[in-house]
Amino acid sequence: MKGPTTRGADRRRLVRRALTSINGGGDEPAEASRLWHVTLSVSGKPAPLSEVRRGLEQLAHDHPFLLTSRYADDHAEIRYWEEARDLHDAAAVALRLWGEHRSTARLPPWEIVGLEVIDRATYHLRVAEGYGPPPAHPVGVHPY
């Protein structure tokens, strides 16, 4: 039977191994997550507005991190905050969002036509200077 000192050392080794596997190896600790503002634009063949709205509402219900969605019969824009280690991770999640949830939320078969991912500081700087996207108010699903 192992004593308390041995178990503690084993646990520290396991935690360090887990952190380095997330970080990609080495002895440095894993990078902390940051907030990224994501704007995902999709478009395609026209669909009934009621179906587009219902699909976006279902997506927002399934994933409450969505701030706001705007839609028309042939395009939509989804804006939300994503927590990720870096821009690459946030963009990868965003690029999968529409396709992975197309069937469960019954979203139109549209394609992604635009993606913007900016860090929190850049988002707030743009808004403060008046040339960025306005804050997502009101929150929810709205027609253009």
Side-chain angles (χ1 to χ4, degrees), residues 2 4 7-144:
K2 294 182 178 181
R7 279 189 298 218
D10 289 345
R11 183 166 185 245
R12 283 190 298 275
R13 272 194 297 275
L14 287 173
V15 169
R16 190 173 68 218
R17 185 178 310 136
L19 289 175
T20 56
S21 69
I22 291 170
N23 196 30
D27 292 329
E28 296 177 25
E31 208 175 302
S33 291
R34 296 167 46 191
L35 285 177
W36 301 89
H37 187 266
V38 175
T39 303
L40 182 69
S41 300
V42 295
S43 72
K45 292 181 181 178
L49 285 175
S50 60
E51 290 180 24
V52 175
R53 180 179 184 88
R54 188 218 29 80
L56 290 171
E57 287 174 343
Q58 183 63 48
L59 182 63
H61 179 266
D62 293 345
H63 299 281
F65 58 83
L66 295 177
L67 289 178
T68 189
S69 298
R70 299 186 304 168
Y71 66 93
D73 68 344
D74 64 348
H75 64 283
E77 177 185 272
I78 300 167
R79 295 175 54 202
Y80 66 96
W81 289 98
E82 180 68 57
E83 185 176 359
R85 182 183 60 189
D86 57 25
L87 181 136
H88 297 282
D89 288 350
V93 170
L95 289 170
R96 289 192 313 263
L97 178 70
W98 190 262
E100 288 182 356
H101 299 286
R102 186 177 299 153
S103 63
T104 58
R106 295 184 302 185
L107 297 164
W110 295 342
E111 68 176 326
I112 296 171
V113 296
L115 174 65
E116 180 183 55
V117 180
I118 56 176
D119 69 353
R120 187 176 183 204
T122 302
Y123 173 84
H124 288 296
L125 179 65
R126 285 182 178 182
V127 170
E129 291 178 348
Y131 67 90
H137 295 289
V139 172
V141 177
H142 307 281
Y144 272 99

(request) Report yes if some heavy atom in the side chain of I78 is under 4.5 Å from a heavy atom in the side chain of L59; otherwise report no. (result)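 In contact.
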(request) Would you indicate whether the side-chain heavy atoms of H37 and R79 approach each other to under 4.5 Å? (result)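 Yes, close enough: below the 4.5 Å cut-off.
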(request) Test T122 against every option in R126, H124, R120 by the side-chain contact (heavy atoms from CB on, under 4.5 Å) rule and name the one that passes. (result)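 It is R126; the other options fail the test.
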(request) Walk me through it: do Y123 and L35 pass the test side-chain contact (heavy atoms from CB on, under 4.5 Å)? (result) CA-CA 10 Å; Y123 173 84; L35 285 177; over 6 Å; no
Closest non-hydrogen atom pair between [X] and [Y], with its separation:
X: D73; Y: L49; value: N-CD2, 3.3 Å
X: V117; Y: A90; value: CG1-CB, 3.9 Å
X: L56; Y: A76; value: CD1-CB, 4.2 Å
X: A105; Y: R54; value: O-NH1, 3.1 Å
X: P108; Y: V52; value: CG-CG2, 3.9 Å
X: T104; Y: Q58; value: O-CG, 4.2 Å

To the nearest 0.5 Å, what is the distance between [atom1] ([X]) and [atom2] ([Y])?
X: T68; Y: Y80; atom1: OG1; atom2: OH; answer: 14.0 Å
X: H101; Y: L107; atom1: NE2; atom2: CG; answer: 9.0 Å
X: E111; Y: S43; atom1: CD; atom2: OG; answer: 6.0 Å
X: Y71; Y: Y144; atom1: OH; atom2: OH; answer: 11.5 Å
X: D119; Y: L87; atom1: CG; atom2: CG; answer: 8.5 Å
X: L95; Y: I112; atom1: CG; atom2: CD1; answer: 5.0 Å

(message) Main chain of W110, side chain of R102: is a donor-acceptor contact present, judged purely on distance under 3.5 Å?
(response)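 Checked: pair present.
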(request) Check for a donor-acceptor pair, side chain of R53 on one end and backbone N or O of V141 on the other, with a separation under 3.5 Å. (result)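 Yes, because the side chain of R53 sits within donor-acceptor range (under 3.5 Å) of the backbone of V141.
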(request) For atom NE2 of H61, decide whether the heavy atoms of other residues, nucleotides or ligands shown that lie under 6.0 angstrom number more than 12. (result)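 Atom NE2 in H61 is not crowded, with 12 or fewer foreign heavy atoms closer than 6.0 Å.
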